[in-house]
Amino acid sequence: MGRLYTGMALFVKTSPMITFDRQFNYLFSVSRSHLGIRFLVSMFLMGVILFLHFLFIAPLEPITFLFLSATIFFIAWYYGTGPALVCTFFAVASIFAFLFYYKSIGAVTSYQVVRVFVFTLTTSFVLWVIQKGRRTQLALSQNIYQVSLTEERLRLATEISKVGIWELDLKTNRVITNLNHDQAFGYSTKLSSWSLEEFKAKIHPEDKAQVESTLSHAFQMGERFEYEFRVIWDDGSVHWLSAVASVELDKARAPSRVIGTVVNITDKKKSEEMLHEALFYRDEFLSIASHELKTPLTSLKLQAQMFKRNSQKNDPENYSPERIDRIFEQTDKQVSRLVRLVDDMLDISRIRTGKLSISTENVCLSDIVKDVIERHRPQFQEVSNTELQISRLVECRVKGDRLRIEQVISNLLNNALRYGRGKPVSVSVDTIDKEARIVIQDNGIGISQTSQEKIFSRFQRAVPASEVSGLGLGLYIAKQIVEAHGGQISVDSELNRGSTFIVSLPLIERV
Amino acid sequence: MRKSVYIVDDDEDVREIMLYALEHEGYLVKSFPNGYVALENLKNLSPESYPGLIILDFHMPEMDGVTFIKTIKRDFAKTLGTIPMAISTAENDATHTKTLPIEVIKLNKPMDLDDLLKVVNSHCH
């Protein structure tokens with residue numbers, strides 16, 4: 001595991017060094033301690049050794065010098081050259097002192113002096129060598145320490161960021177990974193290692209060719225490259241991954257290793273998809289809306305321009321009562337259309353910002369339904385004299401907004417007329433338990449199963465946009481209004497048989 | 001001799017006002033609610049009775065304006081395809097009308113009476 005991260009950090013195998021560094025830590029702590037302490041400790045140590053030396057070992061035999069030297073080298077390695085040098089002089093001084101005061105002045109021969117001099121020289125030389133070695137070791141262990149710090153930081157960073165790391169050995173075609181990597185492929189625990197084939201098997205069939213060609217291209221070029229691809233987990237789910245890979249060449253400039261990262265970007269892709277969908281619907285809505293708005297404007301404009309033109313030509317018929325009547329009838333009609341469209345769009349934006357407010361009064365539902373039906377009757381008559389009848393009307397009261405409830409019923413009646421093929425439409429108001437139910441039934445073209453799920457959504461129509469005019473918002477708004485009342489709206493329909501819309505609202509009382 | 005004008009629009013109020021405007025100028029006008037019925041009518045015409053101009057709306061049920069034009073240019077290139085055509089579009093429809101042949105006249109919605117009369121005059125007079 002350490003190998004993987006270190007490989008990422010340095011491209012160098014350092015695991016034996018890492019363990020060495022652990023051992024060295026102990027030494028570090030002593031040798032980094034205060035210089036004064038080191039001097040004291042080494043002096044004390046030297047003193048003990050000297051005492052033992054003079055006590056138990058023949059003071060001037062060669063072998064004892066080796067014993068002293070060993071002590072000094074030990075001190076040099078572990079406590080530093082400073083203390084070691086001091087101990088050297090301390091030892092030399094002790095020897096001469098011993099010779100002078102303990103053995104007698106005659107014992108100090110030139111031979112002894114030379115021996116001590118040689119001892120001092122060799123010790124100093126060896127100390128110098130040790131010092132160099134120690135410095136190098138210090139630098140090396142500091143490097144190792146830095147590396148292990150970096151490695152630790154890297155491991156932490158990848159864990160937090162959920163970045164997966166992988167290393168492919170091109171000689172064995174085996175991949176070493178970390179836990180994040182394996183999780184990106186749908187495993188909850190880390191696999192010991194992967195084969196390249198196992199990795200390829202996980203790739204989505206549609207992306208396999210592209211990934212393979214990207215990889216083999218990179219192997220040849222020895223480049224770094226990025227790519228995205230889908231993988232299929234064991235449970236069958238599909239996820240998007242984003243990978244970066246860097247190919248390493250060996251001395252013969254042949255690819256030897258590939259190191260890379262992999263991140264699960266399924267969430268990001270899903271957001272992108274949702275964004276595209278939202279934009280698509282918005283664009284469709286804008287297209288339909290602009291058409292719908294400009295149609296009544298066309299009528300109004302041509303109307304006005306015609307009148308002006310006739311007036312300029314002094315056409316007497318222009319001002320006839322019939323003409324004037326017709327013009328303003330048309331004007332009123334087109335303006336009403338525009339008002340309805342604008343209201344729909346305002347409703348939509350209010351619904352989106354959660355501001356659809358309904359007043360809650362005690363209203364008589366049956367009266368509302370009767371009123372709306374009478375208002376629509378002329379319209380129904382105009383279109384092949386479609387029959388519009390009330391099959392059942394139970395007097396009942398509900399809590400809600402009169403205008404909004406009218407809006408819902410009006411919308412449903414408009415749909416019944418539009419898609420009704422001229423066949424009879426029936427409306428009923430009834431109560432069941434704690435609910436008041438309005439049922440509007442037509443015998444028209446009906447709605448397919450798949451469309452039934454969609455018609456209450458924004459900008460959706462069961463029928464292609466060009467088939468019918470209007471913003472396709474009516475049922476969406478109706479649903480919002482009904483649900484704001486605490487009620488429900490649903491449809492029961494079959495293609496070519498007709499549709500039955502059911503609106504239920506919480507009942508206050510049956511009259 | 002003046003040629004006739006065909007109006008193809010699904011909105012009856014628009015048809016009514018355009019009919020009124022053009023008939024008042026002395027043109028013979030025929031109107032249809034969508035491209036499909038207009039095409040059926042055109043198919044049965046002899047070349048002498050071809051209209052001088054066909055004015056189409058963009059969005060229509062059964063067959064919309066773009067489909068109508070494309071169908072005629074594809075299937076009736078030598079005959080009906082020679083009749084001048086104009087399509088009225090709201091701005092956002094530009095992406096769709098880019099695919100239409102250049103000779104198709106594009107009228108802005110809402111239509112201006114003077115523009116309309118100018119186009120009709122130049123093709124049907």
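Below, read A as the first sequence line, B as the second, and so on, with proteins coming before strands; counting in each chain starts at 1. Nothing here was measured: the structure is a model prediction, and the numbers come from that model.
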Distance from A/L302 atom CG to B/L22 atom CG, nearest 0.5 Å?
9.0 Å
Considering residues, nucleotides and ligands other than A/R377, do more than 12 of their heavy atoms fall under 6.0 Å from its CZ?
yes
Within this structure, what is the CG-OG1 distance for the pair B/L113 and A/T298, rounded to the nearest 0.5 Å?
12.0 Å
B/K109 and A/T295, any side-chain heavy atoms less than 4.5 Å apart:
yes
NZ (A/K313) and NE2 (B/H24) are apart, to the nearest 0.5 Å, by 5.5 Å
Within the 3.5 Å criterion, strictly below it, is a donor on B/D13 or A/Q330 matched to an acceptor on the partner's side chain?
yes
Audit row: B/I17, A/K301, side chain to side chain contact (heavy atoms under 4.5 Å, CB included) steps and yes/no:
CA-CA 10 Å; B/I17 184 66; A/K301 185 166 174 157; over 6 Å; no
Could you walk me through whether B/D112 and A/Q305 pass the side-chain hydrogen bond (donor to acceptor under 3.5 Å, both in side chains) check?
CA-CA 8 Å; B/D112 185 271; A/Q305 288 181 316; 2.9 Å; yes
Exercise: do A/R323 and B/Y20 side chains pair donor with acceptor under 3.5 Å:
yes
Other residues, nucleotides, ligands: >12 heavy atoms within 6.0 Å of B/K106 NZ:
yes
Kindly check if the number of other-residue, nucleotide or ligand heavy atoms within 6.0 Å of NZ (B/K70) is above 12?
yes
Should we count CD of A/E382 as having more than 12 external heavy atoms under 6.0 Å?
no
Quick one: does B/E25's side chain get under 4.5 Å of A/R309's, heavy atoms only?
yes
Quick one: what part of B/D9 sits under 4.5 Å from any heavy atom of chain A, side chain, backbone, both or neither?
neither
Just checking, any donor-acceptor pair under 3.5 angstrom between side chains of A/K294 and B/S88?
no
Looking at B/K43, I'd like to know if its NZ atom is crowded, meaning that more than 12 non-hydrogen atoms belonging to other residues, nucleotides or ligands lie closer than 6.0 Å.
yes
CD of A/E317: more than 12 outside heavy atoms within 6.0 angstrom?
no
